[in-house]
Amino acid sequence: MLDIRRLRTETDEVKAALARRGIDTVEVDRAIELDVQVRQLSGDRDDLRNQVKSLSKQVGTLRRDGKAAEAEEVQAESRRVGALEQELADRAAAVAEELHQVLLRIPNTPSPEAPDGAGDQDNPVIRIGGRDLGDFGDHQRIPHWELGTRYGILDNERAVKISGAMFTMQRKGGATLARALLSYALDRNAELYEEVRPPSLVTSETLTATGQLPKFADDAYHLERDDLWAIPTAEVPLTSIHRDEILDPAELPMRFMAATACYRREAGSAGRDTRGMLRTHEFDKVEIFAYATPEQAPMLLDEMVASVEATIASLGLAHRVIEICTGDMGQSHHRSFDVEVYAPGVDQWLEVSSVSWFSDYQARRGNIRYRPGGGGTAPVHTLNGSALAVPRVWAAIVETYHRPDGGIDVPEVLLPYFRGSNRIA
RNA sequence: GGAGCGGUGGCAGAGUGGACGAAUGCACCGGUCUUGAAAACCGGCGACCUGAAAGGGUCCGAGGGUUCGAAUCCCUCCCGCUCCGCCA
């Protein structure tokens, strides 16, 4: 959520920043218009409340002095003003709620440093690492769903029987690989990040703080009976850990990590990149997250990108880092980088991590503040990223580590998680 | 799921209709004293909205109601604790 005061005082700057996303800025005008009304109405309401309060005090005094008749008169007047006050209060509340709803739907302003662009085709590649794309042999040019079936480590046919389309099931070494990736990503980040095992079902309030609600309700699974939502990412519960709290600046930055299942309805993406493990309704992911001061945030963003990149590199996969341009950014993002791995069997770059800086956008929604020096409170900055999203890394490993003579090797860094074996299959 | 008791400032905790945004203690900040610290003493110390300021307003779990006036009374919901039931 953007600061309404910023909309009020820097209207043109905010509009220009939002225009870089390629979106219409009429909502900004709407918000400003409603804000004027809210302030007018609540000012008038406050005046009336003040009158009611002082009249009521007079009643008390008159009663005490035994002047019942006079008290009656003042009571009648107070009743009359009270009715007017109630009417204004209702109107003010209604307009304030409308303003709130408008604000919830206005996206974050991109960082001045974020590159301009209309869509994902404009995302600049920042770095490329790992092996050369020409280095892969024919034995590695087989899609992971074929290898998975051949070696009995992926059983999507039965996953679909159990749960329907776009669910997957790993077996044997494939299941071990999925679990090993989670443990590995957690272990690598354990020095800086506190490990958390958050709830997977969350309230609407929690899902609103990060920005999924109200705009993207269709993308999430909702359990109506209990009004709970299945988390699409651990970012959701992690961001709300300190919701409605005021943090001690001495404790910032605070870093958390969590391995959780993630649930996404993938509404509107049916049939697109859905084979094998490329896009699924449920997948495991290790998320890293931080609360920071505005000053700390850029440094943490660099730190997170570097850390994610190093994790992927250590798995021996071809990979690259791209920066997300203004036209391709998520609603809450201020600045964002993706890490992609190259999967030789499907011959595609696969997004396996997205690291983002949200400035104070989520903190305003979640009312997460700290005390900066010099008094008062200010919203913190939030950042997060996938340290490792399992399915696509799984796919890239299975394809990359397929041997010319058959079988699939375990990447060296994962050997400690394979119970003494050096083969996935 | 049932019964009982609760939910007040960073924490603890008083307040059961009229000057209560709220005693007191702890914590915290500033000062005096001290070489320094501690102790003692003095002072300060919630958040939010609005306003140039003075000021005004909101917030005692949430929402609604009663009343001239609600932290205080009533209703609904949420959360916690204790006991019972169920249960990995």
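In what follows, chains carry the letters A, B, and so on, assigned in the order in which the sequence lines appear, proteins first and then strands, with residues in each chain numbered from 1.
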Exercise for the section: For the pair A:Tyr184 and A:Tyr417, name the ring-plane relationship: parallel under 30°, tilted 30 to 60°, perpendicular over 60°. Expected result: perpendicular

Practice task
For the residue pair A:His281 and A:Tyr221, categorise the inter-ring angle as parallel (less than 30°), tilted (30 to 60°) or perpendicular (more than 60°).
Solution key: perpendicular

Mate of [N] where both pairing distances stay under 3.5 Å, Watson-Crick or G-U:
{"N": "B:C73", "result": "B:G65"}
{"N": "B:G80", "result": "B:C5"}
{"N": "B:C41", "result": "B:G31"}
{"N": "B:U58", "result": "B:A47"}
{"N": "B:U24", "result": "B:A12"}

Sequence neighbours left out, what passes salt bridge (charged side-chain N to carboxylate O under 4.0 Å, His left out) with [X]? Give chain and number order.
{"X": "A:Asp284", "result": "none"}
{"X": "A:Glu205", "result": "A:Arg243"}
{"X": "A:Arg30", "result": "A:Glu33, A:Glu98"}

Could you work out the separation of [N] and [M] based on their [atom1] atoms and round it to a whole Å?
{"N": "B:C29", "M": "B:G46", "atom1": "P", "result": "15 Å"}
{"N": "B:G80", "M": "B:U8", "atom1": "P", "result": "14 Å"}
{"N": "B:A54", "M": "B:G63", "atom1": "P", "result": "29 Å"}
{"N": "B:C81", "M": "B:A22", "atom1": "C1'", "result": "26 Å"}
{"N": "B:U58", "M": "B:G43", "atom1": "C1'", "result": "29 Å"}
{"N": "B:A62", "M": "B:C79", "atom1": "C1'", "result": "10 Å"}
{"N": "B:G18", "M": "B:G55", "atom1": "C1'", "result": "24 Å"}
{"N": "B:A37", "M": "B:C28", "atom1": "P", "result": "15 Å"}

Problem - Residue mapping more 5' on RNA chain B - nearest nucleotide basis, A:Lys53 or A:Ile4 - result: A:Ile4

Fill in the blank from the handout: When A:Arg369 and A:Gly60 are each assigned the nearest nucleotide of RNA chain B, the 5'-most assignment goes to A:Gly60

Exercise for the section: Check whether the ring centres of A:His242 and A:Tyr291 lie less than 6.0 Å apart, and answer yes or no. Expected result: yes

Exercise for the section: Examine A:His222 together with A:Tyr263 and report whether their ring centres are nearer than 6.0 Å. Expected result: no

Completion exercise
So, with a heavy-atom separation below 4.0 Å from RNA chain B, the residues of residues 32-52 of chain A are A:Arg39, A:Asp46, A:Arg49, A:Asn50

Practice task
Please list residues of residues 65-98 of chain A whose heavy atoms come under 4.0 Å from any atom in RNA chain B, ordered by number; otherwise none.
Solution key: A:Gln75, A:Ser78, A:Arg79

Handout entry: side-chain hydrogen bond (donor to acceptor under 3.5 Å, both in side chains) assessment of A:Asp3 paired with A:Tyr361
Key = CA-CA 8 Å; A:Asp3 184 1; A:Tyr361 188 85; over 6 Å; no

Practice task
Look at atom CD of A:Glu10 and say whether more than 12 heavy atoms of other residues, nucleotides or ligands are closer to it than 6.0 Å.
Solution key: yes

Handout entry: Residue A:Glu245 excluded, over 12 heavy atoms near CD under 6.0 Å
Key = yes

Practice task
Name the nucleic acid region contacted by A:Arg63, choosing base, sugar-phosphate or nothing; use a 4.0 angstrom heavy-atom cut-off, strictly under.
Solution key: base

Exercise for the section: Name the nucleic acid region contacted by A:Arg8, choosing base, sugar-phosphate or nothing; use a 4.0 angstrom heavy-atom cut-off, strictly under. Expected result: sugar-phosphate

Problem - Leading and trailing nucleotides of RNA chain B with any atom under 4.0 Å from heavy atoms of chain A - result: B:G18 to B:G69

Exercise for the section: Ignoring hydrogens and angles, state whether a donor on the side chain of A:Arg158 or A:Asn156 is under 3.5 Å from an acceptor on the partner side chain. Expected result: no

Practice task
Establish, from distance only, whether the side-chain atoms of A:Asp47 and A:Gln51 form a donor-acceptor pair under 3.5 Å.
Solution key: no

